Amino acid sequence: MRTDTSVRYLLLSWFSPAYPIGAYTYSHGLEWAVEAGDVSDAAAARDWIEGVLTLGAGRSDAVLLAHGWRVEDAAALRELAEFARALAPTTERRLEAGAQGRAFLDVTAAAWPDERLAWAQALPVELRVHPVMVGLAGRAHGVPLEPLAEAWLHAFAANLISAAVRLVPLGQTDGQRLQASFERQVAEIAAAAVEAPLEEVGGLALLADIASMNHETQYTRLFRS
């Protein structure tokens with residue numbers, strides 16, 4: 001079992017903006033929301049990101065991560081990965097989850113190898129869904145589940161905030177105010193997600209899904225989703 005210091009080192013590494021998975025290139029539909037005028041200031045950005053965190057992919061991905069942490073064999077991993085990929089409602093959301101998952105697995109298996117990660121490397125590339133890969137890697141390296149889920153949600157929110165800072169645009173201080181405002185919610189969502197059965201995966205962030213659909217045909221784009 002890893003020490004607390006070792007766990008912190010892994011979490012800081014895996015969820016650093018410098019970890020080469022290309023997270024900064026995805027806005028999760030936020031770019032369209034800004035284009036459409038739905039998100040035009042810090043308050044609207046907070047409402048949008050809160051909705052995605054609590055009712056959309058933030059919570060659902062944390063549940064998937066928790067079940068990825070619990071898988072006991074390659075067959076169970078494949079079944080979960082197929083389910084996770086099927087949940088993505090748009091082409092771009094599948095790209096977002098799949099491309100980041102593939103990159104995460106490649107880098108993590110090279111830098112922190114483990115036999116469990118070989119289960120994932122045997123999957124078709126389109127099934128290497130990001131939250132499932134993170135959950136699997138966390139279990140492989142002895143990272144406790146709840147801190148792993150908290151780190152995932154913090155990074156998820158931070159990436160959306162970074163996109164909002166560039167797109168709305170917001171000032172850097174406003175961005176950090178947004179990050180601070182989600183501290184309690186990240187902890188609460190993580191605590192609930194690690195206990196949630198897989199049957200509770202789902203969401204009601206419909207505007208975010210619609211924004212992702214519209215982003216596919218947006219004429220001028222900075223982001224891939």
Side-chain angles (χ1 to χ4, degrees), residues 11 15-17 21 23-67 84 87-90 92-94 96-97 100 129-131 134-135 145-196 200-215 218 221-225:
L11 293 177
F15 295 105
S16 166
I21 62 171
Y24 64 91
T25 63
Y26 300 95
S27 82
H28 205 77
L30 181 60
E31 186 167 23
W32 172 261
V34 173
E35 174 78 13
D38 296 327
V39 176
S40 57
D41 56 25
R46 190 194 187 286
D47 288 345
W48 184 274
I49 295 168
E50 181 180 32
V52 176
L53 265 177
T54 60
L55 299 173
R59 177 187 174 278
S60 290
D61 282 356
V63 175
L64 292 169
L65 181 152
H67 285 270
L87 289 175
T90 68
E92 288 192 352
R93 290 278 289 280
R94 285 194 294 274
E96 183 178 325
Q100 290 185 77
V129 182
H130 195 197
V134 171
L145 178 52
E146 193 161 334
L148 183 68
E150 286 184 6
W152 167 271
L153 288 162
H154 178 277
F156 184 86
N159 194 61
L160 290 178
I161 291 165
S162 175
V165 166
R166 286 174 279 170
L167 288 166
V168 173
L170 305 177
Q172 294 292 338
T173 300
D174 278 337
Q176 291 309 306
R177 289 193 183 105
L178 288 177
Q179 191 76 61
S181 74
F182 293 123
E183 180 179 356
R184 175 184 57 81
Q185 286 172 306
V186 162
E188 290 176 351
I189 296 166
V194 301
E195 300 293 337
E200 289 188 10
V201 167
L204 291 171
L206 300 180
L207 287 179
D209 294 341
I210 293 169
S212 179
M213 295 174 191
N214 286 324
H215 188 268
Q218 188 171 336
R221 302 188 300 177
L222 297 176
F223 293 85
R224 300 183 72 189
S225 72

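Quantities reported herein were computed from a predicted structural model and do not represent experimental measurements.
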Legend entry - Interatomic spacing from CH2 in W152 to CD1 in I189 - rounded to 0.5 Å: 13.5 Å
Legend entry - Non-hydrogen side-chain atoms of P17 and Y24 separated by less than 4.5 Å: no
Inset, instruction - Determine yes or no for a side-chain-to-main-chain donor-acceptor pair under 3.5 angstrom, with T25 supplying the side chain and F223 the backbone. - result: no
Legend entry - Considering all heavy atoms, the nearest Q179-A157 contact: NE2-CB, 4.2 Å
Legend entry - Main-chain N/O of H215 paired to R221 side chain as donor or acceptor, under 3.5 Å: yes
Legend entry - Inter-residue atom distance L204.CG - L206.CG, 0.5 Å rounding: 6.0 Å
Inset, instruction - Any chance you could measure Q218, atom CD, to M213, atom CE, to the nearest 0.5 Å? - result: 15.0 Å
Inset, instruction - Would you mind listing every side-chain hydrogen bond (donor to acceptor under 3.5 Å, both in side chains) that reaches into residues 156-175, with sequence neighbours excluded? - result: S162-R166, D174-R177
Inset, instruction - Could you pull out the closest heavy-atom pair between A84 and V129, with the gap in Å? - result: CB-CG1, 4.0 Å
Inset, instruction - Please report the shortest heavy-atom distance between E195 and A191, naming the atom on each side. - result: CG-O, 3.7 Å
Inset, instruction - Heavy atoms only: give me the nearest L160-S27 pair and the separation to one decimal. - result: CD2-O, 3.5 Å
Inset, instruction - Would you sort out whether V201 and H67 count as a side-chain contact (heavy atoms from CB on, under 4.5 Å), showing the intermediate values? - result: CA-CA 11 Å; V201 167; H67 285 270; 5.9 Å; no
Legend entry - side-chain hydrogen bond (donor to acceptor under 3.5 Å, both in side chains) partner of S225, the single match among E92, E96, R94: E96
Legend entry - Heavy-atom pair with the smallest gap, counting every atom of A151 and L11: CB-CD2, 4.1 Å
Legend entry - Non-hydrogen side-chain atoms of N214 and E35 separated by less than 4.5 Å: no
Legend entry - Over 12 non-hydrogen atoms of neighbours within 6.0 angstrom of CD in E183: no
Legend entry - Contacts of type side-chain contact (heavy atoms from CB on, under 4.5 Å), residue A57, not counting sequence neighbours: H28, D61, R93, F156
Inset, instruction - Working to the nearest 0.5 Å, report the span between CG of L167 and CH2 of W32. - result: 13.5 Å
Legend entry - With Y26, the side-chain hydrogen bond (donor to acceptor under 3.5 Å, both in side chains) member among Q100, E31, R224: R224
With a 3.5 Å cut-off and sequence neighbours excluded, list the donor-acceptor pairs that the side chains of residues 37-56 form with protein atoms.
| unit_1 | atom_1 | unit_2 | atom_2 | d |
| --- | --- | --- | --- | --- |
| D41 | OD1 | A43 | N | 3.3 |
| D41 | OD1 | A44 | N | 2.8 |
| R46 | NE | S181 | OG | 3.0 |
| R46 | NH1 | E50 | OE1 | 3.1 |
| R46 | NH2 | S181 | O | 3.2 |
| R46 | NH2 | Q185 | OE1 | 3.4 |
| E50 | OE2 | Q185 | NE2 | 2.6 |
| T54 | OG1 | E50 | O | 2.8 |

Legend entry - Minimum heavy-atom distance L153-G58, with the two atoms named: CD2-O, 3.3 Å
